[in-house]
Each structure stands twice: as structure tokens, then as C-alpha cells.
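Read the structure below first, then the notes.
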Amino acid sequence: MSIISFEDVFETINMIKEENLDIRTITMGISLYDCAGDDVDTVCERIYDKITDKARDLVKVGCDIEKQYGIPIINKRVSVTPIALLGGRYTKDDYVKIAKTLDRAAKALGINFIGGFSALVQKGFTDNSRNLIAAIPEALASTERVCSSVNVASTKAGINMDAVAIMGDIIKETAYLTRDDQSLGCAKLVVFANAPEDNPFMAGAFHGVGEAETVINVGVSGPGVVSSAIKRAGDCNFSELADVIKKTAFKITRMGQLVATEASKRLGVPFGIVDLSLAPTPAVGDSVAHILEGMGLERCGTHGTTAALAMLNDAVKKGGVMASSHVGGLSGAFIPVSEDAGMIDAVECGALSIEKLEAMTAVCSVGLDMIAVPGDTSAATVCGIIADEISIGVANTKTTAVRIIPAYGKSVGEAVEFGGLLGYAPIMRVSEYSCADFIARGGRIPAPIHSLKN
Amino acid sequence: MNAIITVVGKDGKGIIASVSARCAEVGANIVEISQTVLKDYFAMIMLIDISELNMPFTDFVDDMRRLGESRDLDIRAMHEDIFNSMHKI
């Protein structure tokens with residue numbers, strides 16, 4: 001064929017049909033600053049009206065683009081201004097009311113998640129952020145589609161250990177209140193360091209402080225495509241392997257850029273960023289762990305895993321960056337345990353532990369994501385896990401996050417099963433030794449120095 | 001404005017005829033066809049001009065999918081931009 005070659009056409013078709021290539025999400029960011037007010041009912045009304053007006057065509061446009069280009073677009077979502085930053089004075093109950101309003105708006109739009117029930121407390125709490133955080137367990141238990149996140153640290157501010165301490169209790173309470181759904185609420189709650197303001201992926205998406213009135217951000221996916229490319233490359237050295245990954249990432253990202261540009265044009269909303277993430281799903285052939293194993297590891301989690309992941313993450317970024325005019329969000333390989341068939345297998349056979357996952361997060365996107373731990377894990381231990389992970393982000397000037405599920409009533413050897421994209425998580429072992437006295441100190445861990453690098 | 005139709009499946013009589021007949025009915029002009037048969041396996045790419053299509057392209061996509069299902073073939077119609085963006089710098 002004179003314009004596009006036979007091979008190129010079938011390569012694209014094969015990526016979509018056999019290798020699970022898809023656009024993971026088109027996320028519309030919406031500013032809610034102008035919804036502020038003194039009376040919470042008026043504020044809720046404004047929020048509902050604004051979201052359902054601005055995003056009214058989001059799902060339809062997503063579906064049309066999906067059909068036009070023949071590329072599946074799995075999720076259409078909305079992120080909003082961190083709710084704790086809305087002007088006005090709100091009580092804990094007011095915030096629950098706002099969460100329910102967000103949920104209602106999400107249902108009206110037909111989107112599966114709405115992000116931004118969030119607070120930014122890296123340096124300290126406002127009264128509003130304190131009340132919002134206190135409302136998180138009830139908000140997540142009484143809504144279906146609302147996602148919440150709290151940024152507790154940044155490289156410039158250090159770590160707000162008071163916030164870390166509170167989040168331990170909040171996560172435990174959320175697990176308890178959603179115990180009938182296997183503590184599902186915790187799957188919609190992220191604790192961040194250096195949270196990105198333009199992330200399109202849930203549960204951590206929110207519409208950042210410096211963002212425009214509305215914006216379109218797109219998250220691509222494609223672990224299956226990378227995995228197959230590595231398989232095809234066969235026995236080659238790391239330089240060649242990195243090239244294979246870069247080329248694949250370039251193609252995947254170009255598709256993301258095309259969809260983002262088209263969505264932005266059709267919705268009349270500015271294009272923000274493409275997030276270059278390798279986001280796995282529990283489906284067979286859509287696993288980041290299997291990419292690492294395809295590089296020559298017997299099991300994800302064995303020695304060499306961190307090196308393999310570092311190389312993968314770097315090559316994905318290098319390949320993707322040239323393919324998009326604006327890159328942002330979390331951009332890198334995701335390693336959520338419950339959402340990745342290979343990770344689940346690695347945990348179940350004992351190859352992958354929380355400690356190894358923590359090391360892996362030092363070189364890739366996000367952090368300890370979708371890990372289930374025993375229901376009787378103490379709040380202090382949850383805080384210790386958060387503090388460790390957040391420190392990696394702060395010290396390395398990168399985003400890290402914790403999405404942990406202390407599954408109520410469950411212990412090691414059991415599992416939680418959420419189904420769908422959230423998947424299945426075997427309960428992982430945590431250290432039996434206490435860090436309670438460390439967490440109880442409170443205050444802030446100072447920001448790290450960025451010279452004298454060692 | 002162009003789109004690409006791909007047809008993959010077991011070879012049989014009249015595959016090209018049925019696809020091109022449908023294209024003619026809805027105002028899609030065939031620009032180029034490339035096809036190959038490997039053993040009993042049929043693969044075809046058809047470049048069509050859709051600027052005078054008399055129905056929304058998204059409906060045409062469904063139409064082609066249904067045509068494929070009725071003949072046990074995988075038929076996809078996709079806007080050419082996805083291939084251009086992926087394979088050309």
C-alpha cells in the first residue's frame with residue numbers, strides 16, 4: 001500500500017486485538033474554585049451544575065473517538081480542584097455532603113470515578129483540610145465513585161508526620177466502614193508525596209492549583225504491547241532491549257497524543273498532558289510483572305527486579321517523550337499488585353514482598369499501590385509503611401504514593417477480590433515489630449538537602 | 001479524509017465483492033486495495049476516501065463490523081490518522 005504499509009496496519013491492529021493496547025483514561029479536569037460559598041447546600045448545587053455542564057459530552061465524545069480510530073478507551077473520568085481548597089468554612093459533615101454531590105454528578109455523567117476529594121497538607125493543616133481528612137472514611141463508605149487523596153509530603157516541605165499519623169487512622173477506619181465490601185474504600189484512597197497536579201489516573205487524580213478552568217489529560221497503557229515486543233526481540237543485549245522498548249513506547253504514546261488532541265478539539269477544552277504510564281490490568285497479557293519476567297527474571301520480585309524495572313521505566317519515558325507535545329502526570333511503569341496478574345502470582349508464590357516492592361518504587365512511577373495487608377495491622381504500622389514510601393519520594397524528588405488495604409477480618413493466606421480493573425489482592429505479610437513510638441513523635445521531618453548527593 | 005478497512009479471516013468467495021459493494025452503497029470511494037492469502041488465511045487492507053460518505057463514519061464502523069460477523073471475518077474500519085500518527089514521524 002502506497003500510503004501506509006501492510007505491516008504497519010497489521011501491527012496496529014494486532015496491538016489492539018491481541019496485546020490489549022488501549023487508552024486507559026480520558027480525564028477532564030474541572031476547576032471548582034468558583035463554586036465556593038457560605039452555605040454548603042448552595043455550594044453542592046454549584047458543584048453539581050458545573051461538573052455536569054462542563055463534562056456533559058465527555059462520555060459521548062470518548063465513545064465516538066473510540067469508534068472512529070478503533071482504539072478502546074477504557075475510562076472517561078473527571079478530576080476536580082482539591083475539595084479542601086474550596087473557599088468557605090465546612091464541617092466534617094459538610095464535606096461528606098460534598099462527596100455525595102460529586103458521586104451524584106459522576107453517576108449523572110456515566111463516568112466510573114471522580115477524583116479530587118483531596119487535601120494538600122505537606123507543610124501543615126488548614127481547618128478545612130483537617131475536616132476534609134476526618135470526613136474521608138464516611139465519604140468513601142457512603143459513595144461509589146468518589147476518589148480521595150492526601151498529599152502529606154514534598155521535597156521542598158519535607159514530611160508532615162502529623163498527617164502521616166492521622167492517615168494511618170483514616171485508612172483503618174475506611175477499611176472498617178467498608179468491611180462489607182472487603183474494605184474497598186481503601187482502594188479509592190491515596191497518600192502522596194510530591195503529588196502531580198495533572199495526573200489523569202485514579203484514585204490519585206485531582207485538578208491542580210495552577211491548572212486552567214478545564215483541561216483534558218490522557219493516560220495511555222500498553223504493558224501487553226511492550227511485553228510482546230520484548231518477546232519478539234529474543235536474545236538481545238540491554239542496549240538493544242532499551243531500543244525495542246523506546247520504539248514501542250513511542251508508538252503507544254503517539255496514539256495517546258492523537259486521542260488527546262481529538263478529545264480536546266471536540267470538547268472545546270484545552271489539552272493538558274499525556275501521561276506515559278504503563279498501566280497494567282488483571283487481564284492475561286496486560287502485566288508489568290510479565291514484562292520484567294520477559295527480560296529474564298524467573299519471577300518478578302527476585303534479585304535483578306529493581307534493575308529491570310529501572311531500565312523499563314527509563315526507556316518508556318525516553319520513547320514516549322518525543323511522541324507527545326506535553327508529557328506529565330505520573331508517567332512511568334505502575335506496579336499495583338492487585339491489578340497485575342504477574343504481580344499477584346509473584347506475591348502468591350512468595351517471590352515478591354512489600355520490602356521488594358518498596359525498593360522497586362524508588363525507580364518507577366507511583367509507589368506501594370493496591371497492596372492488601374492483614375486486617376489486624378495496627379494504625380502505627382500502616383503509618384510506618386506510609387512514612388517509608390513517602391521518604392523515598394521526598395529524598396528522590398519524585399512522586400510516590402501509598403494505596404494500602406488493611407482488609408478487615410482477613411489475614412495472610414487470604415485475599416480480597418474487588419473484580420474489574422481493581423482486581424484481586426493476596427494479603428501480604430508486614431513486619432511484626434512496632435514503629436508506634438517513632439510515629440507518635442509527630443511534627444515534620446525536615447526537607448532533604450539537595451547537594452552533597454550520596 | 002481517508003479510512004482503512006482491514007479484513008482478516010478464513011478465505012472464501014466474494015469477500016472483496018461484499019466489502020466493496022457496501023462501500024459503494026454508502027459513498028465510500030476505494031482508493032487502493034492490498035490483499036494476500038496465506039494458506040487458507042485471507043488478509044486485506046482497503047484505503048477508502050470517506051469525504052462523501054452518506055452516513056456518520058461511526059455508523060459505518062458498526063456496519064463493517066456486522067458485515068464481518070455475518071461472514072465469520074474480522075472486519076474493521078478505522079480512521080487513517082491512527083496509523084499515520086503511530087507509524088510516521
Side-chain angles (χ1 to χ4, degrees), chain A residues 1-19 21-23 59-73 218 220 222 225 229 246-263 265-266 274 319-325, chain B residues 1-9 16 19-20 23 26 28-38 41-51 53 55-69 72-89:
Chain A
M1 185 151 287
S2 59
I3 301 176
I4 304 161
S5 81
F6 212 84
E7 290 72 26
D8 288 347
V9 168
F10 279 103
E11 184 185 1
T12 300
I13 303 265
N14 198 46
M15 282 180 181
I16 295 167
K17 202 174 149 191
E18 309 292 339
E19 298 166 358
L21 177 62
D22 56 48
I23 297 289
V59 171
K60 187 189 174 298
V61 164
C63 292
D64 285 351
I65 294 175
E66 180 170 358
K67 209 163 251 185
Q68 170 145 350
Y69 296 113
I71 175 81
I73 300 173
V218 165
V220 298
V225 181
K246 280 195 284 186
K247 282 178 190 157
T248 311
F250 176 83
K251 289 175 184 171
I252 296 171
T253 310
R254 286 281 280 198
M255 190 197 61
Q257 175 75 28
L258 171 72
V259 168
T261 313
E262 192 63 27
K265 196 168 75 187
R266 291 190 191 192
V274 173
V321 124
M322 190 182 150
S324 171
S325 48
Chain B
M1 198 162 52
N2 291 333
I4 284 180
I5 298 173
T6 57
V7 183
V8 178
I16 296 181
V19 175
S20 45
C23 285
V26 298
N29 184 37
I30 298 170
V31 180
E32 205 170 331
I33 297 180
S34 172
Q35 65 117 43
T36 179
V37 180
L38 192 64
Y41 211 59
F42 177 89
M44 176 181 79
I45 299 174
M46 195 182 259
L47 180 69
I48 55 166
D49 181 349
I50 51 170
S51 38
L53 204 63
M55 69 199 298
F57 181 65
T58 49
D59 291 348
F60 179 68
V61 170
D62 285 335
D63 218 48
M64 281 292 137
R65 183 177 46 79
R66 278 193 295 266
L67 177 65
E69 282 164 5
D72 206 18
L73 295 164
D74 181 35
I75 305 188
R76 291 164 192 249
M78 294 156 79
H79 196 283
E80 70 164 348
D81 280 354
I82 186 164
F83 303 103
N84 288 333
S85 68
M86 232 186 208
H87 300 286
K88 289 183 181 174
I89 296 178

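Labels below follow one simple rule: chain letters A, B, ... track the order of the sequence lines, proteins then strands, and each chain is numbered from 1.
The shortest side-chain heavy-atom distance between B/Ile5 and B/Ile45 does not fall under the 4.5 Å cut-off. Counting only heavy atoms from C-beta outward, the side chains of A/Lys67 and B/Asp62 approach each other to under 4.5 Å.
Ranked by heavy-atom pairs shorter than 4.5 Å toward chain B, the options A/Leu258, A/Asp64, A/Thr253 are led by A/Leu258. Put simply, of B/Met44, B/Met78, B/His87, the one with the most heavy-atom pairs under 4.5 Å next to chain A is B/His87.
Using a 4.5 Å cut-off between heavy atoms, A/Glu11 contacts chain B through its side chain alone, with no backbone atom that close. Heavy-atom distances place the side chain of B/Thr6, and not its backbone, under 4.5 Å from chain A. Residue contact with chain A, scored on non-hydrogen atoms closer than 4.5 Å, involves the backbone and the side chain of B/Ala43 alike. At a 4.5 Å heavy-atom cutoff, A/Ile65 makes no contact with chain B through either its backbone or its side chain.
Looking at B/Asp74 and B/Arg65, no side-chain N of the basic residue comes within less than 4.0 Å of a carboxylate O on the acidic one, giving no salt bridge. Salt-bridge check for B/Glu69 with B/Arg66: failed, with every basic side-chain N at 4.0 Å or more from each acidic carboxylate O.
Shown here is B/Met55, whose CE atom has more than 12 heavy atoms of other residues, nucleotides or ligands within 6.0 Å.
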